[in-house]
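The analysis underlying the following values was restricted to heavy atoms, covering all of them including side chains, and did not include hydrogens, waters or symmetry mates. By convention in this document, chain letters (A, B, ...) are assigned in the order of the sequence lines, proteins followed by strands, and residues within each chain are numbered from 1. Just so you know, these numbers come straight off a predicted model, no measurement behind them.
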There are 4 protein chains.
Amino acid sequence: MPTMRHRITLAALLLFTFELVAQTKPRARELGVPFDGTPGQWNAITDVKGVEVGHTTLISGEGPLKVGVGPVRTGVTAIVPRGKKSNDAVFGGWFTENGAGEMTGTIWLKDSGYLDGPIMITNTHSVGVVHDAVIAWKVKQGVPDHEGYWWSAPVVAETWDGELNDVNGFHVKAEDAFHALDTAHSGPVEEGNVGGGTGMICHEFKGGIGTASRVLSVADGGYTVGVLVQCNYGDRDQLRVAGVPVGQEIQDEKVRNKDVGSIIVVVATDAPLIPTQLTRIARHVTMGLARDGSYAANGSGDIFVAFSTANAGAIALNGPHQITMLPNDSLDPIFLATVQATEEAVVNALVAAETMTGINNRTVIALPHDRLREVLKKYNRLAK
Amino acid sequence: MPTMRHRITLAALLLFTFELVAQTKPRARELGVPFDGTPGQWNAITDVKGVEVGHTTLISGEGPLKVGVGPVRTGVTAIVPRGKKSNDAVFGGWFTENGAGEMTGTIWLKDSGYLDGPIMITNTHSVGVVHDAVIAWKVKQGVPDHEGYWWSAPVVAETWDGELNDVNGFHVKAEDAFHALDTAHSGPVEEGNVGGGTGMICHEFKGGIGTASRVLSVADGGYTVGVLVQCNYGDRDQLRVAGVPVGQEIQDEKVRNKDVGSIIVVVATDAPLIPTQLTRIARHVTMGLARDGSYAANGSGDIFVAFSTANAGAIALNGPHQITMLPNDSLDPIFLATVQATEEAVVNALVAAETMTGINNRTVIALPHDRLREVLKKYNRLAK
Amino acid sequence: MPTMRHRITLAALLLFTFELVAQTKPRARELGVPFDGTPGQWNAITDVKGVEVGHTTLISGEGPLKVGVGPVRTGVTAIVPRGKKSNDAVFGGWFTENGAGEMTGTIWLKDSGYLDGPIMITNTHSVGVVHDAVIAWKVKQGVPDHEGYWWSAPVVAETWDGELNDVNGFHVKAEDAFHALDTAHSGPVEEGNVGGGTGMICHEFKGGIGTASRVLSVADGGYTVGVLVQCNYGDRDQLRVAGVPVGQEIQDEKVRNKDVGSIIVVVATDAPLIPTQLTRIARHVTMGLARDGSYAANGSGDIFVAFSTANAGAIALNGPHQITMLPNDSLDPIFLATVQATEEAVVNALVAAETMTGINNRTVIALPHDRLREVLKKYNRLAK
Amino acid sequence: MPTMRHRITLAALLLFTFELVAQTKPRARELGVPFDGTPGQWNAITDVKGVEVGHTTLISGEGPLKVGVGPVRTGVTAIVPRGKKSNDAVFGGWFTENGAGEMTGTIWLKDSGYLDGPIMITNTHSVGVVHDAVIAWKVKQGVPDHEGYWWSAPVVAETWDGELNDVNGFHVKAEDAFHALDTAHSGPVEEGNVGGGTGMICHEFKGGIGTASRVLSVADGGYTVGVLVQCNYGDRDQLRVAGVPVGQEIQDEKVRNKDVGSIIVVVATDAPLIPTQLTRIARHVTMGLARDGSYAANGSGDIFVAFSTANAGAIALNGPHQITMLPNDSLDPIFLATVQATEEAVVNALVAAETMTGINNRTVIALPHDRLREVLKKYNRLAK
């Protein structure tokens with residue numbers, strides 16, 4: 001009975017957990033979904049060296065909604081570009097395909113070209129508490145910005161989990177954001193009903209956190225592109241997996257009258273890109289989502305951020321200084337990797353998420369693995 | 001031997017031509033490609049009442065490239081929102097998914113919210129001549145702008161046909177732009193190797209002009225959304241038709257080392273949308289292209305413009321005046337129609353285009369209809 | 001001895017206060033600063049009918065900075081477009097001249113064209129608490145959005161008061177945001193060291209909140225344009241008042257090595273403008289600031305939002321509906337009014353602000369009224 | 001009697017001309033207008049090493065307008081970032097303060113971050129001919145783009161000279177664009193009624209081409225910022241010179257009922273800036289114009305482009321490569337120099353332009369130098 005507030009210390013349980021995960025939770029590829037391109041070691045955003053991800057998952061209560069009490073099905077996810085110990089910024093860019101959502105910190109990200117701090121993802125009504133918590137976390141660490149000012153414009157994004165979670169109960173607290181940051185880690189990334197994705201719904205199946213990566217060929221530079229999504233968007237009928245109309249084939253237990261969700265996508269790469277180029281990377285995320293059947297409905301906040309872990313230390317340099325960039329002509333494999341990893345990350349989220357019952361005993365089913373395989377087979381697209 | 005400059009008078013040949021076309025040129029649906037949604041009468045941008053389309057097709061010469069002489073494989077396409085006789089503007093918006101291209105007139109389109117004149121599409125090195133020709137055409141008609149000024153910022157877009165056409169020969173002349181405008185017509189739209197699309201290549205098959213439309217249900221307002229594309233983008237390997245990896249299955253006679261093309265997309269609707277909304281419509285075009293396998297490569301100019309034929313006469317009204325708008329909440333079916341019609345228009349272009357030999361005897365093959373059907377069948381996606 | 005947390009109940013003290021203010025605090029015009037254009041009754045943003053403004057001013061402690069204790073010199077300002085009792089949205093637009101700042105809620109504002117809720121301005125490190133407080137305030141009122149969803153993307157902006165205020169002490173609480181909202185009122189607007197502007201610095205004088213308005217001639221439609229600024233930007237040397245180089249003439253007690261501040265500007269009008277037009281209004285704010293000598297330094301967050309109180313109820317309408325808009329050709333007097341009212345609002349803030357001593361006994365002097373008059377006189381620009 | 005088409009060969013006449021100019025045409029500073037900051041050797045955009053400027057001035061005919069015949073008062077100006085012999089690109093950015101105008105090539109400039117070719121400025125109805133001429137000029141030189149493709153998206157901007165010029169006569173020809181390019185030179189820049197500025201009007205005085213520059217202190221990097229304007233905007237009443245209300249003081253012979261003009265501004269610098277930063281530079285141009293009294297009226301195309309001559313050769317480099325950038329924290333003096341040089345360039349244009357009579361014997365007077373000095377003296381702002 002899920003009545004306790006869970007703050008699973010991922011650092012401690014890492015090896016155990018992922019052994020367990022490996023046994024019990026197949027990912028999309030393992031189910032036979034065919035994807036193009038070569039993933040990295042973990043097929044996760046953490047394949048980009050330095051990137052760490054932490055989750056705080058809050059699950060408690062059941063039955064009727066009582067605002068402020070529960071049931072609670074929410075959380076926070078932290079993506080830390082250079083790891084939680086670093087005070088260094090990364091070059092970044094962002095884009096909105098459809099704007100019914102929030103990502104704070106984007107005004108300065110756009111104008112400065114730098115992403116200075118973690119990216120946090122939570123539910124819509126916890127953006128503020130997480131925003132201030134990021135500042136407090138930096139203050140606790142005693143690290144002002146590179147000029148010595150205590151000035152912060154944290155990047156905090158959201159999707160809306162009010163269909164399963166007591167979203168007006170404001171259950172996320174500052175300590176939950178601290179926990180996600182403090183437990184951020186490299187290696188495999190938990191997917192599905194975790195962190196900010198805990199109570200999310202995608203194509204009318206249970207959604208949440210998903211991730212994937214691509215490694216470019218040596219000829220293309222050997223760079224890694226990693227993607228993490230918090231997916232909460234989509235009509236059932238539109239869902240395509242590997243081009244197959246899976247949503248039209250699996251019509252059970254649809255839960256939405258209209259497409260009101262959102263998706264936040266984070267793209268990381270170690271390719272040395274400048275902000276103009278990262279903005280373009282973010283813009284290309286749209287094409288990965290479209291392959292899965294998204295049409296970015298009016299009520300959806302489809303907001304994407306991209307960063308590069310190259311050019312470490314650049315923000316603190318004085319005077320004219322050298323940075324490394326790729327020519328625009330080298331972007332094609334990175335664009336394609338972004339599209340492919342986004343396409344796969346959403347499917348990974350759907351495959352990892354488990355059926356959840358939330359407020360007022362509302363249940364959202366997980367994408368049934370066997371049915372997915374059946375449909376892929378019907379369309380001659382089952383990889384194994 | 002195609003040595004004459006063709007200016008086919010479409011107005012005169014209309015019925016005959018399209019009877020002929022109907023007999024000899026099946027469109028994608030007729031080949032059994034499954035598409036969602038309901039098309040309009042012509043399955044064309046001209047299903048939006050008032051919209052007229054005209055082409056000037058320039059085909060002459062063969063053999064080795066001689067700059068300024070030929071071979072010529074190019075043209076101009078005119079899309080006239082309220083018909084060539086109207087001097088009224090439409091609300092519009094635009095978007096760039098990837099910027100290696102040109103569409104003039106977008107600065108004022110964005111700031112004013114009005115598209116005042118036709119949309120012209122030609123080859124990259126004929127943008128200027130067509131730009132001035134549109135102004136001259138308006139001057140010839142004796143119609144200044146609604147304030148009485150002879151001020152124009154024509155919308156002229158391009159894709160690059162230098163692989164088949166003597167692009168540095170500047171073969172498009174002002175009279176070719178006039179011809180496209182003067183022969184613009186309602187009804188069926190010629191597709192494939194016509195107008196601005198004459199020398200274009202798409203997914204390494206012969207590309208060009210394509211069109212499609214969707215009619216919304218009465219519950220959704222009964223509006224029409226029409227799309228016209230001039231497609232010149234794409235790797236073969238990425239081509240998906242109805243989600244099926246057609247490009248990976250048909251590997252013959254690939255012609256490009258890299259993805260250097262572009263695509264211009266025009267979206268028309270009679271839904272009463274304001275400029276903010278039309279900008280969003282334009283942005284959603286990306287998702288239709290992605291369904292076909294585009295990843296908007298660095299060298300591609302993926303530039304889209306959307307307009308609404310509602311609110312006739314609004315630009316000339318003085319003082320506070322009434323206009324009609326749909327609520328944002330009603331945009332979903334229009335977004336989806338845009339995505340679907342874009343997806344289909346590209347496939348229609350591929351299906352309509354015919355194998356062409358251009359400069360230096362370079363040949364680009366058409367998408368073979370029988371092979372397309374075979375592949376669809378293999379993946380259990382052949383509609384009939 | 002300012003050791004108590006002040007929450008002055010403006011509603012109760014209104015008449016008294018403004019009588020007092022009228023006696024003791026001259027505004028820029030009354031000092032003889034010449035401005036073009038005709039202000040409204042209050043020369044304030046509240047001259048736009050329906051607009052209400054409320055402040056919570058937090059002043060306590062003195063002496064050395066003790067993080068979490070004080071001294072506190074900060075607050076919150078609420079601008080409520082249709083008044084605190086209304087649940088109706090307004091059309092809006094926004095713009096960033098320089099991005100070192102934050103204004104949340106702008107992604108959906110841009111895409112939807114609607115500003116749905118109040119605009120809050122506070123210090124940089126209180127954005128989060130105010131953000132969540134706005135949501136809680138709406139929840140308390142029992143009013144979901146117009147579709148019935150509890151979904152909110154509040155607009156919260158900030159400037160940085162860490163030179164006078166214990167900015168890392170997080171002294172602003174949810175109840176302070178509630179108070180600013182609950183006491184929002186029409187009529188005169190308190191200026192200077194109040195609300196979000198309490199601890200702000202402008203051109204190295206004490207800054208804060210300022211406001212001004214313009215009423216258009218009947219021939220131009222008779223509309224009102226109101227501006228409110230929270231100003232915290234600027235080098236002393238650059239300050240121009242009515243074109244006169246006041247900053248170069250008054251060189252006493254300069255406090256900044258570099259231009260690190262920001263300015264938030266809110267523009268209200270009753271002219272029936274659509275979002276595209278309001279975005280342009282916001283963009284023109286830059287020109288008002290430039291007249292005062294701003295050059296929008298790198299460390300400055302110059303972020304502007306504009307809204308129109310016309311078209312009441314539009315957001316809740318279903319199906320195609322009528323809205324009112326002005327032709328673009330009618331924008332000139334509104335552009336000019338925006339520039340003029342912005343120019344004056346900053347000077348009003350400087351004139352109203354009083355010398356303040358904050359953390360570590362740091363003192364920022366007010367613009368000395370007598371010296372201002374002397375300098376204007378020297379340049380033959382003293383109006384009376 | 002100005003009946004001949006003038007193509008003054010500047011290269012040949014350079015020394016003579018500018019000796020003459022120095023004797024006969026004082027610039028604004030020489031008239032005693034006070035400006036802040038230190039100009040470069042020529043106080044011109046050409047103070048940025050490598051930048052070349054060429055004009056073609058077309059003046060012929062007088063009396064009643066006969067479309068296609070004249071009178072002609074127009075031309076073309078070419079700004080070549082690295083000189084006409086170079087095929088190298090520069091990093092660039094651009095911005096629109098108000099969009100009633102045209103600048104082609106901006107879509108790829110924004111997305112690629114590179115400005116590849118010259119910037120051309122002409123009249124509104126000659127954008128096309130100049131656009132194609134730039135392509136033809138590159139083709140003549142036998143230089144494709146750095147990838148070997150004959151692909152071009154020339155940057156061509158315009159303002160509207162139809163009040164003095166037979167704008168619908170299309171008098172600018174390709175050879176006029178070639179001439180401006182081929183005679184582009186370093187050193188002093190002709191101002192006033194020359195090149196694209198020949199027939200322009202500014203604040204209801206004769207306008208045209210103006211230029212100015214600033215050199216930063218060694219502590220700030222010693223960089224140069226140069227600005228060139230083609231000014232055609234503005235109400236008389238709004239004109240401020242050095243903060244002084246000159247337009248309100250000199251009310252003679254006003255020529256416009258409304259503000260219908262435009263201004264194109266080009267900013268060059270040798271500071272090593274990346275595209276994100278150059279976009280910000282372009283955005284700051286607005287503030288310089290505002291100091292002169294612009295309010296960017298609805299009918300005005302206020303479009304700005306900025307580039308950096310640093311990072312020569314970067315566009316042609318393969319793989320990850322080093323480029324040089326300044327930290328954002330170093331931008332302030334460059335922002336300020338941009339604002340100051342823009343402010344001065346407009347005044348230089350007004351001071352250099354001479355009274356002109358154009359179509360239908362319409363005369364626009366030059367800003368009278370003696371009256372300007374009188375007004376500056378009245379407001380105690382005459383520098384000498």
(message) A:S294: which residues meet the side chain to side chain donor-acceptor pair (under 3.5 Å) condition with it, sequence neighbours left out?
(response) none
(request) Using a cut-off of under 4.5 Å on heavy-atom pairs, state which of D:A314, D:G319, D:G113 scores highest against chain A. (result) D:G319
(message) Between D:R214 and D:E344 (salt bridge meaning N to carboxylate O under 4.0 Å), is one present in this structure?
(response)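 Looking at D:E344 together with D:R214, the answer is yes, because their closest N to O distance falls below 4.0 Å.
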(message) Ignoring hydrogens and geometry beyond distance, is a side-chain donor-acceptor pair present between A:D302 and A:S300 at under 3.5 Å?
(response)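 Yes.
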(message) Under a plain distance cut-off of 3.5 Å, with no hydrogens placed, do A:T46 and A:E52 share a side-chain donor-acceptor pair?
(response) no
Portion of [X] that has a non-hydrogen atom of chain A nearer than 4.5 angstrom:
| X | answer |
| --- | --- |
| D:P272 | side chain |
| D:D111 | both |
| D:L317 | backbone |

To the nearest 0.5 Å, tell me how far [X] [atom1] sits from [Y] [atom2].
| X | Y | atom1 | atom2 | value |
| --- | --- | --- | --- | --- |
| D:Q340 | D:T38 | CD | OG1 | 8.5 Å |
| D:L228 | D:T211 | CG | OG1 | 4.5 Å |
| A:D332 | A:D220 | CG | CG | 9.0 Å |
| D:S330 | D:L273 | OG | CG | 9.5 Å |
| D:L289 | D:Y295 | CG | OH | 14.0 Å |

(message) At under 4.5 Å between heavy atoms, what parts of residues 96-110 of chain A are in contact with chain D? List them by residue number.
(response)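 Checking residues 96-110 of chain A against chain D gives A:W108, A:K110.
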(message) Quick check: under 4.5 Å, non-hydrogen atoms only, which of residues 275-283 of chain A neighbour chain D?
(response)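 Only A:P275, A:T276, A:R280, A:R283 of residues 275-283 of chain A have a heavy atom under 4.5 Å from chain D.
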(message) Let's go through D:F91 and D:Y114 carefully: what are the C-alpha distance in whole Å and the side-chain angles of both, what is the deciding distance for ring-ring contact (aromatic ring centres under 6.0 Å, His included) to 0.1 Å, and is it a yes or a no?
(response) CA-CA 4 Å; D:F91 279 137; D:Y114 282 107; 4.8 Å; yes
(message) For the interface with chain D, which of A:S112, A:G93, A:G221 has the highest count of heavy-atom pairs at distances below 4.5 Å?
(response) A:S112
(request) Output the option from A:T324, A:L331, A:I323 having the highest count of non-hydrogen pairs under 4.5 Å with chain D. (result)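 It is A:I323.
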(request) Give every residue pair that meets the ring-ring contact (aromatic ring centres under 6.0 Å, His included) criterion with at least one member in residues 315-340 of chain D, sequence neighbours excluded. (result)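 Checked against ring-ring contact (aromatic ring centres under 6.0 Å, His included) - neighbours excluded - the pairs reaching residues 315-340 of chain D are D:H284-D:F335.
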(request) Check whether more than 12 heavy atoms from other residues, nucleotides or ligands sit under 6.0 Å from atom NZ of D:K140, and answer yes or no. (result) yes
